[in-house]
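Below is one structure; the comments refer to it alone.
Everything quoted here is computed from the prediction, not taken from an experiment.
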Amino acid sequence: MVERAVEQSLVLKIKYVDEKGEVTEREIEPYEWDTITFKTRCRERKDYRTFRFDRIKSAAWTGDVFDPADERIIEQGKKERGTANTATA
């Protein structure tokens, strides 16, 4: 599901379990993924987050799309300035 969301710039609504065991619901714009995590812009936090696949309880498409170019440009700028958010959601 995340691979398709990244490829088609689809917004996802997820239920996510954090390191404390608390479940939160987020709308995210996923723009990059690997085998363990995926990078997103979290609409609720209005910031970039990395989510672990093994902590997702559920995921669904919202029907919204986003412009992935905006996300990559902003994230690259943060990396170059050394201000990228490295915290896991």
Side-chain angles (χ1 to χ4, degrees):
M1 177 178 268
V2 172
E3 180 179 5
R4 181 175 173 198
V6 170
E7 290 173 357
Q8 297 180 9
S9 304
L10 303 173
V11 177
L12 293 176
K13 185 172 206 164
I14 63 169
K15 285 188 180 177
Y16 188 78
V17 181
D18 68 15
E19 65 276 355
K20 298 174 190 171
E22 295 179 26
V23 178
T24 59
E25 200 167 280
R26 313 272 186 102
E27 280 195 15
I28 59 169
E29 301 172 355
Y31 62 92
E32 186 177 312
W33 64 281
D34 59 33
T35 57
I36 300 170
T37 64
F38 59 104
K39 294 180 181 180
T40 74
R41 180 181 174 280
C42 177
R43 289 183 164 185
E44 281 71 32
R45 302 288 193 259
K46 295 181 176 51
D47 201 0
Y48 294 88
R49 296 287 192 261
T50 300
F51 292 95
R52 290 177 27 181
F53 286 111
D54 63 342
R55 291 188 176 170
I56 295 177
K57 297 200 52 91
S58 66
W61 288 293
T62 66
D64 291 342
V65 296
F66 66 96
D67 184 353
D70 291 344
E71 309 308 321
R72 291 186 185 108
I73 290 167
I74 293 168
E75 184 69 10
Q76 183 60 37
K78 285 183 172 185
K79 286 179 183 176
E80 290 170 0
R81 291 188 307 275
T83 59
N85 182 353
T86 57
T88 301

**Message:** Tell me whether Asp18 is salt-bridged to Lys20, with the criterion being a basic N under 4.0 Å from an acidic carboxylate O.
**Reply:** no

**Message:** When you compare the side chain of Ile28 with that of Phe38, does any pair of heavy atoms fall below 4.5 Å?
**Reply:** yes

**Request:** Not counting sequence neighbours, which residues clear side-chain hydrogen bond (donor to acceptor under 3.5 Å, both in side chains) with Ser9? List them please.
**Result:** none

**Nearest non-hydrogen partners of Phe53 and Thr37, listed with the distance** = CE1-O, 3.5 Å

**Asked** Mind checking what makes salt bridge (Lys or Arg N to Asp or Glu O under 4.0 Å) contact with Asp34, not counting sequence neighbours?
**Response** none

**Request:** May I ask you to list the residues sharing a hydrophobic cluster with Val23, side-chain cutoff 4.5 Å, ordered by chain and number?
**Result:** Val17

**Prompt:** Closest heavy-atom contact between Thr40 and Pro30?
**Reply:** CG2-CA, 3.7 Å

**Message:** Checking Arg4 now: which residues fulfil side chain to side chain contact (heavy atoms under 4.5 Å, CB included) with it, not counting sequence neighbours?
**Reply:** Gln8, Leu10, Trp61

**Item:** Least distance between heavy atoms, Tyr48 atom then Arg41 atom
**Value:** CE2-CB, 4.0 Å

**Request:** Check whether any side-chain heavy atom of Phe51 lies under 4.5 Å from a side-chain heavy atom of Leu12, and answer yes or no.
**Result:** no

**Request:** With sequence neighbours left out, write down each residue that passes salt bridge (Lys or Arg N to Asp or Glu O under 4.0 Å) with Lys13, or none if nothing qualifies.
**Result:** Glu25

**Request:** Hey, could you give me the NZ/OG1 distance between Lys15 and Thr24, rounded to the nearest 0.5 Å?
**Result:** 10.5 Å

**Item:** For Glu27, salt bridge (Lys or Arg N to Asp or Glu O under 4.0 Å) partners two or more places apart
**Value:** Arg43

